[in-house]
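The figures that follow rest on heavy atoms only: side chains count, while hydrogens, waters and symmetry mates do not.
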Amino acid sequence: MTQNSDEIINRAAVLNSDEEAIAAARHLAEQAKGGAVERDQQRIYPIALLNQFTALGLGSISVPREFGGAGLSYQTMAEVFRLISASDPSLGQIPQNHFGLIQFILGEGSAAQQQQLLSAVVQGKRLGNGGPEKNTKHTRDVQAQLVTTSQGVELTGEKFYSTGALFADILVTTAMHDQQPKMAFIPLPTPGVEIVDDWSGIGQRTTASGTVKLHQVVVDPALLMSLPPAEKPTLRGAVSQLIQAAIDAGIAQGALDEALEFVRSSSRPWVDANVSRNADDPYILADVGRISTELSAANALLARAARVLDSIDQQALTAENCARASIAVAEAKVLTTEVALRASEKLLEWGGSRGTLLRHGLDRHWRNARTHTLHDPVRWKTHAIGNYYLNDALPARHAWI
């Protein structure tokens with residue numbers, strides 16, 4: 001089953017400026033606030049909001065103008081994801097892989113592939129991820145196979161963590177072909193593809209990040225791309241991680257915003273505080289000051305990382321400038337991870353026991369932060385940063401750094 005964007009393909013806008021994209025994201029974020037608690041608690045997909053995302057033209061902001069897209073900056077991309085994720089980080093995460101795949105197409109696709117696929121994105125088609133595989137040694141271990149039969153090239157395998165696949169028009173997944181990893185682009189619906197929402201994570205509950213089953217799926221050879229060798233300079237990891245960091249920064253912002261409102265309006269002071277309002281508790285004031293400062297620092301590093309990406313000539317990628325981008329993004333990701341977890345936990349502490357009542361839904365912020373920040377361990381970010389500065393060691397080249 002897929003829930004794609006057929007109904008909006010003929011009316012997806014193309015945004016012409018950074019200002020237009022930010023305004024569209026602010027509008028969508030405002031719409032997403034309503035019903036966020038209910039969607040989380042009842043696992044209701046944000047389909048109407050996702051369709052708005054696409055119709056507003058936000059899905060093509062990173063597509064270069066030569067392919068009909070907006071060709072906007074990475075700074076704008078990061079801010080779009082941060083704004084939307086502050087209201088509903090599941091809505092922010094669903095198109096995350098869409099943008100990572102656009103970057104992959106730009107780096108690895110032929111001219112014909114770029115034209116076909118990126119034009120489809122501009123028209124309103126969504127790319128969805130057939131994620132890693134559950135029962136393998138690590139996330140880059142691929143067991144799915146592409147084989148040549150009398151019917152053509154067929155793909156068989158099973159994927160998980162397939163964020164965005166249920167809502168996609170084009171499924172994108174990896175498989176081995178003659179012992180070489182390939183990326184396959186599969187228009188949906190296609191016989192042999194089954195997408196199952198069996199995602200049961202404690203957070204990011206409406207991303208449908210579950211299973212994709214592929215059984216003898218006929219794949220167009222013209223829509224196969226080779227994965228780059230490990231030594232090839234690429235910005236794919238840095239761009240993917242920039243979006244991840246922006247989502248975490250959005251979670252932190254949403255938690256802090258709701259915390260401030262809850263403390264002002266719905267919580268009561270501790271008996272020893274000798275104040276009439278919880279908002280006057282001196283320890284809470286100090287806590288709010290610390291969290292606000294940490295979030296400002298995280299947002300500043302996020303913006304700096306995006307500027308580093310914007311400064312790099314994508315036609316002249318080197319191991320050095322790609323490493324510089326990855327390290328800048330990793331530094332931002334360390335802080336956005338920490339502040340998302342801390343702000344969402346402090347929200348419950350400041351709210352007191354009543355803050356845990358189901359009707360408020362405040363627990364969703366911590367569940368979302370804890371779940372999303374597990375995407376890739378921050379301990380390996382700090383390792384890469386330290387190794388870069390101390391030993392001039394360039395970070396690995398993959399989608400997680």
Side-chain angles (χ1 to χ4, degrees), residues 59-60 62-64 66-69 71 95-123 125-133 136 139-149 151-159 161-165 168-188 190 192-193 195 212 214 216-241 243 314-315 317 319 322 326 396-401:
S60 63
S62 68
V63 175
E66 65 188 277
F67 300 108
Q96 159 199 312
N97 289 311
H98 171 93
F99 282 85
L101 291 165
I102 289 172
Q103 191 69 35
F104 180 84
I105 294 166
L106 289 170
E108 308 308 323
S110 67
Q113 289 171 329
Q114 290 174 349
Q115 185 64 51
Q116 178 180 347
L117 293 168
L118 297 178
S119 295
V121 167
V122 172
Q123 292 169 5
K125 296 295 187 183
R126 290 195 288 261
L127 306 174
N129 180 47
E133 299 174 22
T136 52
T139 192
R140 300 185 76 188
D141 184 11
V142 178
Q143 299 298 315
Q145 295 290 323
L146 283 158
V147 296
T148 302
T149 71
Q151 304 300 313
V153 178
E154 294 183 352
L155 195 162
T156 295
E158 186 170 305
K159 304 289 183 172
Y161 303 112
S162 301
T163 305
D169 302 285
I170 301 171
L171 175 68
V172 189
T173 195
T174 52
M176 301 301 294
H177 189 221
D178 296 331
Q179 298 184 323
Q180 296 297 318
K182 299 282 187 178
M183 193 80 88
F185 291 74
I186 305 167
L188 296 176
T190 291
V193 176
I195 301 173
V212 171
L214 304 136
Q216 297 179 342
V217 178
V218 177
V219 176
D220 184 351
L223 291 178
L224 289 174
M225 297 182 196
S226 296
L227 271 69
E231 64 274 11
K232 179 180 178 179
T234 171
L235 292 178
R236 182 188 176 202
V239 171
S240 175
Q241 289 298 303
I243 297 171
Q314 299 209 35
Q315 304 307 311
L317 297 180
C322 289
S326 284
R397 291 264 59 85
H398 52 57
W400 300 279
I401 185 68

Audit row: Lys182, Thr174, side-chain hydrogen bond (donor to acceptor under 3.5 Å, both in side chains) steps and yes/no | CA-CA 5 Å; Lys182 299 282 187 178; Thr174 52; over 6 Å; no
Checking side-chain contact (heavy atoms from CB on, under 4.5 Å) for the pair His177/Ser226: CA distance, chi angles, key distance, verdict?
-> CA-CA 9 Å; His177 189 221; Ser226 296; over 6 Å; no
Verdict with supporting geometry, Gln116 and Leu223, side-chain contact (heavy atoms from CB on, under 4.5 Å) | CA-CA 9 Å; Gln116 178 180 347; Leu223 291 178; 3.9 Å; yes
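One finds a salt bridge joining Lys232 and Glu108 here, because a Lys/Arg side-chain nitrogen approaches an Asp/Glu carboxylate oxygen to under 4.0 Å.
Although no hydrogens or angles enter the test, the distance criterion places no donor-acceptor pair under 3.5 Å between the side chain of Asp178 and the main chain of Gln180. Using modelled atom types, one side-chain atom of Gln113 and one backbone atom of Leu224 make a donor-acceptor pair closer than 3.5 Å. Without hydrogens or angle criteria, Ser162 side chain to Gly131 main chain gives a donor-acceptor distance under 3.5 Å. A donor-acceptor pair is defined here as one N or O able to donate and one able to accept, closer than 3.5 Å; no such pair exists between the side chain of Ser240 and the backbone of Arg236.
In terms of the side chain to side chain contact (heavy atoms under 4.5 Å, CB included) criterion, residue partners of Glu133 (sequence neighbours excluded) are, by chain and number, Thr136, Val142, Gln143, Ala144, Lys159. Contacts of Leu101 classified as side chain to side chain contact (heavy atoms under 4.5 Å, CB included), with partners at least two apart in sequence or in another chain: Leu127, Val172, Met183.
Using a 4.5 Å heavy-atom threshold, the side chains of Leu171 and Leu214 count as touching. A heavy-atom distance below 4.5 Å is found between the side chains of Arg126 and Asp169. At a threshold of 4.5 Å between non-hydrogen side-chain atoms, the residues Leu188 and Val193 count as touching.
Between the side chains of Glu66 and Gln114, not a single donor N or O lies within less than 3.5 Å of an accepting N or O.
The one candidate from Leu106, Val121, Leu117 that meets the side chain to side chain contact (heavy atoms under 4.5 Å, CB included) condition with Phe67 is Leu106.
Contact record, Ser60 with Val122: CB-CA, 4.0 Å, taken as the closest heavy-atom pair.
Residue pairs meeting the ring-ring contact (aromatic ring centres under 6.0 Å, His included) criterion with at least one partner in residues 99-120, sequence neighbours excluded, are Phe81-Phe99.
Heavy atoms of other residues, nucleotides or ligands lying less than 6.0 angstrom from OH of Tyr161 number 12 at most.
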